[in-house]
Q: 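One structure, pasted below without further comment.
In each ligand, atom 1 is the first atom listed, and ligand 1 is the first ligand listed. From a predicted model like this one, the values you see are computed outputs, not experimental measurements. For the numbers below, each heavy atom of this structure counts, side chains included, while hydrogens, waters and symmetry mates do not.
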Amino acid sequence: MEDNRKRPPLPELYIIPAGDYFGTTDDQVRILYAPLSGSMLLATGEDIRNAEKYISGEEIDDTSRDFFVPLTGNKTPEDFFGKVKTARDLQKMSVLPNHTCNFSCSYCYSAKGRANVVLEKEKLKTGLDFFIDPERTRHRSLTLSFIGGGEPLLSWNLVRWGIEYAYERAERQDFTLGITLITNGSIMNSEIIDVLKRYGVLPDVSFDILEDVQNSQRGHFSKVCDTIDVLCRNGLPPSVNATITPATVDRMEEMLAFMIDRFPKVTNIVLEPVVSPELFPATADMKDFYGRYLENFMKIRRDAEAGGRFVMCRIYKNIDSILDRGCPSKFALTPQGDVSICYCTSSPKEKHYAKRIYGTVGTAGVDIDDLKFAEIHGINVHSMPKCTDCFAKWHCGGGCMCPNDLYSEPYLDEICLFTRELVKRVLLDRMERQSMENDGKSLKELI
Ligand code: SF4
Ligand code: SF4
Ligand code: SF4
């Protein structure tokens with residue numbers, strides 16, 4: 001009989017060069033990372049060579065194989081993925097009520113889509129009836145976001161109706177429904193506050209934090225501060241989302257300090273790198289930007305955590321998940337009544353609109369193009385050859401569709417470098433903490 005103690009099942013293993021962290025060469029120190037069991041080890045010398053053999057499928061002796069035991073788990077990637085095969089399995093709905101905005105942000109991803117179009121209430125009702133339906137999905141937990149496109153609160157009556165209708169329908173049908181509202185912070189009043197409170201809607205304010213930055217990139221600093229204040233006073237501290245550009249990448253520390261001082265009740269701060277080909281004339285500009293972003297992000301994340309705040313970005317958040325898509329496919333209802341897989345593509349005036357639309361909502365029902373859905377949903381980590389051996393693959397999922405659409409390959413390569421470096425730095429950070437807790441020594445002292 002086989003001795004399972006000595007021959008554990010092989011983990012899915014990645015080797016991450018880490019020489020730079022230890023002031024040596026990459027062949028001297030590597031991280032062995034098993035994302036499916038969430039475990040990692042530092043390896044040197046013979047253990048690196050054994051790991052290389054092990055990954056390439058060569059035989060290694062039992063003693064060498066024991067080194068990998070702490071990395072072993074019994075999960076496969078499929079155990080983690082959502083079971084989305086068709087649009088009928090989707091758990092996330094986004095509603096884009098209009099294409100109108102009262103801001104004109106310098107980096108607006110939807111600026112080309114501006115139009116005087118507002119989603120018809122009947123289409124919203126049909127979309128919600130489809131989405132919140134026990135006949136459609138057996139999942140009992142759904143999320144619904146009101147988001148732009150434009151500024152959702154410019155269509156408040158429609159948003160209010162949608163929140164009330166969705167909430168009541170979910171309750172009747174025995175679903176748990178989490179509702180979020182993403183706003184530019186320009187509109188807030190007691191009626192909106194009452195509805196948000198009554199239905200447990202989580203507000204999320206897009207805000208570039210520093211007065212000169214907000215006023216130059218988005219405008220309306222004082223108004224947005226007033227909105228965040230009134231939300232906090234009413235027990236609805238919002239998440240704050242800032243877009244980091246080359247002009248602000250070295251001011252992230254200042255941003256965090258401002259948030260802690262000015263809005264002590266806000267605990268969630270998302271600092272997402274801008275997606276804008278115009279801001280990066282050459283790949284070297286993008287490399288420089290992402291390099292500085294990474295250093296500043298890692299620094300302020302630690303400071304934030306010490307002060308009870310969470311500083312996030314999409315990739316960082318995903319390091320604790322196993323994903324095969326950069327972002328879950330959505331049932332995103334556009335103001336025209338079309339269904340998009342990604343809420344950032346919502347207007348026929350946008351170049352990639354036709355590529356992202358897989359259905360339409362009429363007053364009579366929802367028409368889904370299943371083949372088109374399967375095709376777009378299938379653009380993921382499995383479909384991109386470059387992702388096959390990437391150690392960040394299960395946290396990146398092949399990236400977000402927005403940069404993937406807008407940037408050329410050499411630029412996307414820079415984003416891949418950044419993604420891998422961020423994952424590696426977070427893993428090293430976690431190992432450092434563990435080392436200090438267990439041995440009272442830093443990794444550099446131990447290696
Ligand atoms: S608030 Fe949002 S939708 Fe409006 S211009 Fe700014 S980024 Fe675009
Ligand atoms: S970092 Fe690049 S290569 Fe790696 S999974 Fe993401 S998109 Fe694919
Ligand atoms: S794919 Fe990217 S752009 Fe689209 S909704 Fe997801 S995170 Fe946003």
Q: Is a donor from one side chain sitting under 3.5 angstrom from an acceptor on the other, for Tyr165 and Asp129?
A: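 A pair is found: one side chain offers a donor N or O, the other an acceptor, under 3.5 Å apart.
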
Q: Give the residue and atom name of whichever protein heavy atom lies nearest to atom 8 (Fe) of ligand 1, and the separation in Å to one decimal.
A: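 Checking every protein heavy atom, the shortest distance to atom 8 (Fe) of ligand 1 gives Cys108 SG, 2.3 Å.
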
Q: Of all the atoms in ligand 3, which lie at a distance below 4.0 Å from a heavy atom belonging to Cys402?
A: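 Counting atoms of ligand 3 from 1, those under 4.0 Å from Cys402 are 3 (S).
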
Q: Using a 4.0 Å cut-off to any heavy atom of Arg420, which atoms of ligand 2 qualify?
A: 3 (S), 4 (Fe)

Q: For ligand 1, does Cys105 get within less than 4.0 Å through its side chain, its backbone, both, or neither, judged by non-hydrogen atoms?
A: both

Q: As an exercise, identify every atom of ligand 3 less than 4.0 angstrom from a heavy atom of Met401.
A: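 What qualifies from ligand 3 is 1 (S), 2 (Fe).
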
Q: List ligand 1 atoms under 4.0 Å from Asn184, heavy atoms only on the residue side.
A: 1 (S)

Q: So that I can tick it off, tell me whether Arg233 and Asp229 are bridged by a salt bridge, with the cut-off set at under 4.0 angstrom between side-chain N and carboxylate O.
A: no

Q: Under 2.8 Å from atom 8 (Fe) of ligand 2, which protein N/O/S atoms are there?
A: Cys387 SG

Q: Which residue supplies the protein heavy atom nearest to atom 6 (Fe) of ligand 3, what is that atom called, and how far is it?
A: Cys327 SG, 2.2 Å

Q: Counting each atom of ligand 3 from 1 as listed, which ones have a heavy atom of Cys400 under 4.0 Å away?
A: 1 (S), 2 (Fe), 3 (S), 7 (S)

Q: Please write down residue, atom name and distance for the protein heavy atom closest to atom 1 (S) of ligand 1.
A: Arg218 NH2, 3.4 Å

Q: When you compare the side chains of Ser141 and Thr176, does any donor N or O come within less than 3.5 Å of an acceptor on the partner?
A: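 Note: Ser141 and Thr176 side chains miss the donor-acceptor criterion.
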
Q: Does a salt bridge link Arg160 with Glu191, judged by any charged N lying under 4.0 Å from a carboxylate O?
A: yes

Q: Side chain or backbone of Glu151 under 4.0 Å from ligand 1, or both, or neither, by non-hydrogen atoms?
A: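 Neither part.
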
Q: In terms of side-chain geometry, is the basic nitrogen of Lys299 or Glu295 positioned less than 4.0 Å from the acidic oxygen of its partner?
A: no

Q: Tell me the protein heavy atom at minimum distance from atom 4 (Fe) of ligand 1, and give that distance in Å.
A: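 Going by distance alone, atom 4 (Fe) of ligand 1 is nearest to Cys101 SG, 2.2 Å.
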
Q: Hey, which atoms in ligand 3 end up nearer than 4.0 Å to a heavy atom of Cys344?
A: 3 (S), 8 (Fe)

Q: Determine whether the aromatic ring centres of residues Phe418 and Tyr293 are separated by less than 6.0 angstrom.
A: yes

Q: Would you confirm whether the ring centroid of Tyr167 sits within less than 6.0 angstrom of the ring centroid of Tyr199?
A: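 Here the rings of Tyr167 and Tyr199 have centres that are less than 6.0 Å from each other.
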
Q: Distance under 6.0 Å and angle within 45° of the ring axis: does Arg218 meet both against Phe207?
A: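 Negative - Arg218 is either too far from the ring of Phe207 or too far off its axis.
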
Q: Looking at Arg292 and Asp288, is any side-chain nitrogen of the basic one under 4.0 Å from a carboxylate oxygen of the acidic one?
A: yes

Q: Salt bridge check: are Arg262 and Glu211 linked by an N-O gap of less than 4.0 Å?
A: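 No, Arg262 and Glu211 are not salt-bridged.
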
Q: Taking the side chain as C-beta and beyond, is there a heavy-atom pair between Met252 and Val311 under 4.5 Å?
A: no

Q: Any side-chain to backbone donor/acceptor pair from Lys92 onto Leu90? Under 3.5 Å, distance only.
A: no

